[in-house]
Amino acid sequence: MPHLTLEYTANLAIDPAAALTAINAAAFDSGLFGEADIKSRALCLGDFRTGVQTGARAFAHLRIALLSGRSADERKQLANAALAALMATLVPPAGHELQLSVETVELDRASYAKAVVHG
Amino acid sequence: MPHLTLEYTANLAIDPAAALTAINAAAFDSGLFGEADIKSRALCLGDFRTGVQTGARAFAHLRIALLSGRSADERKQLANAALAALMATLVPPAGHELQLSVETVELDRASYAKAVVHG
Amino acid sequence: MPHLTLEYTANLAIDPAAALTAINAAAFDSGLFGEADIKSRALCLGDFRTGVQTGARAFAHLRIALLSGRSADERKQLANAALAALMATLVPPAGHELQLSVETVELDRASYAKAVVHG
C-alpha cells in the first residue's frame, strides 16, 4: 500500500503516465509511505454518465487506499495534495465541465497479506 | 459523489448507456443527490469466474459509493431502487443464471477533496 | 458475495483464467461461502506506476469483498490462502520485483441487495 486508482472519462485529454507520475510524487512527498510501496493505476472509462441531463461533462476520480492508522489530518492533506497534482495534469475538454475528486479509504490492516518475489 | 460503478460479465447482453441512464435515474429519483453529482461508469468484465464448477453463469454488480451520513434506510432504499433499474435493463443470456447485486459503501467525508473546472 | 477483484500489471505473465480458478478454489476451500456465490474478475492494468523511481516492477492486487460478520481470523486466513494461490499462479517477469497483496473489505450487509434471474 498505498494503492491509488485513477479513473477518468474517455472524453478527457490526459497523459495517463504523466498523471500517475504526478500523483505518486504527491503521495511520496507526503512522507507517509515507502517509495516502492506506492502503486498506482489509471483506468479509462469508455462508458460513463453524469447525472440525468445531457451536457458536456467529464470527470476524474482518484481513490487512495491506505492501511488503517493514519490520522484524519494526514488523510485530508494527502487528498488535497493529490487533487492539486491532478489539477496540474488534467485539462478539461473545451466547453466541458470537469469534476475532479479524491477519496481516501482504509485497508483492513489485520487481514492484509503481502509478499514480494523476484523474477 | 455519489460514484456508481457497474461491472458486468462479458457474456451478458447489455446496452451500457441504457443501464447507466437507468441507474442514474434511480439515484436521482431518490432525492438524496444533486443532479450533476451522480457519476457512473460501466466496466465489461472479459475475464471472470463464478464458483468452482462449470456452468452457464453471468453476473452484474453495482457499487454505490456515497458520502457518509446517509441513514441505513436511505441506503437500503437506494440499493433496492438501483437493483430494480438493473433488472429492468439487463437480460440474462439464454440458459444462464444471472446474479445481480448492489452494494452501498460510504466515502470518508473528512478527507474527500473535490474541484470543478471548466474547459 | 464474495466479490473478488484481481488487478495485475500488464508486464506480468499471467493466465487470468488459471489465476481466477485458483483464487476461487481458495475461497471455496475456506468453507465460508456458497459455491455459486464466489464471483471473481481479473483486470489487466495497462497504465500503472510503482513509486517515483524507475525500475523493473510489477504488481498484482486482490480485493476480497465479503459481507460483514466474518471474524478477523477468518478474514486473515482467507487472505493468506488467496495469497498462496496467487504465488502459485503468477510468475514475475525476469529481472522484475513483483509485489503481491491481498486485502479483505466488508460489504454493508444492511443495504446489500441481490436477485438471481434465469435466461
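Proteins get letters first, then strands, A, B, ... in listed order; numbering begins at 1 in each.
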(request) Measure distances from B:L45 to the heavy atoms of chain C and classify the residue's part below 4.5 Å as side chain, backbone, both or neither. (result) side chain

(request) Could you look at C:L43 and say if it's the side chain, the backbone, both or neither that has a heavy atom under 4.5 Å from chain B? (result) side chain

(request) Heavy-atom pairs under 4.5 Å with chain B are the metric here; pick the option from C:L20, C:V117, C:V116 that has the most. (result) C:V117

Put together the list of donor-acceptor pairs under 3.5 Å connecting chain C with chain B, please.
residue : atom : partner : partner atom : Å
C:H3    : NE2  : B:H61   : ND1          : 3.2
C:H3    : NE2  : B:S101  : OG           : 3.3
C:N24   : ND2  : B:R49   : O            : 3.4
C:N24   : ND2  : B:G51   : O            : 2.8
C:E35   : OE1  : B:R57   : NH2          : 2.8
C:E35   : OE2  : B:V52   : N            : 2.7
C:E35   : OE2  : B:Q53   : N            : 2.8
C:E35   : OE2  : B:R57   : NH1          : 3.1
C:A36   : O    : B:Q99   : NE2          : 2.7
C:I38   : O    : B:G51   : N            : 2.7
C:K39   : NZ   : B:Q99   : OE1          : 2.8
C:S40   : N    : B:R49   : O            : 2.9
C:S40   : O    : B:R49   : N            : 2.9
C:S40   : OG   : B:R49   : O            : 3.3
C:R41   : NE   : B:E7    : OE1          : 3.4
C:R41   : NE   : B:E7    : OE2          : 3.2
C:R41   : NH2  : B:E7    : OE1          : 2.7
C:A42   : N    : B:D47   : O            : 2.9
C:S111  : OG   : B:T104  : OG1          : 2.6
C:Y112  : O    : B:K76   : NZ           : 3.0
C:A113  : N    : B:V102  : O            : 3.0
C:A113  : O    : B:V102  : N            : 2.8
C:K114  : NZ   : B:Q99   : OE1          : 3.0
C:A115  : N    : B:L100  : O            : 2.9
C:A115  : O    : B:L100  : N            : 2.8
C:V117  : N    : B:L98   : O            : 2.9
C:V117  : O    : B:L98   : N            : 2.7
C:H118  : NE2  : B:E97   : OE1          : 3.4
C:G119  : N    : B:H96   : O            : 2.9
C:G119  : O    : B:G95   : N            : 3.2

(request) Identify the heavy atoms of C:F28 and B:V52 that sit nearest to each other, and give their distance. (result) CB-CG1, 3.8 Å

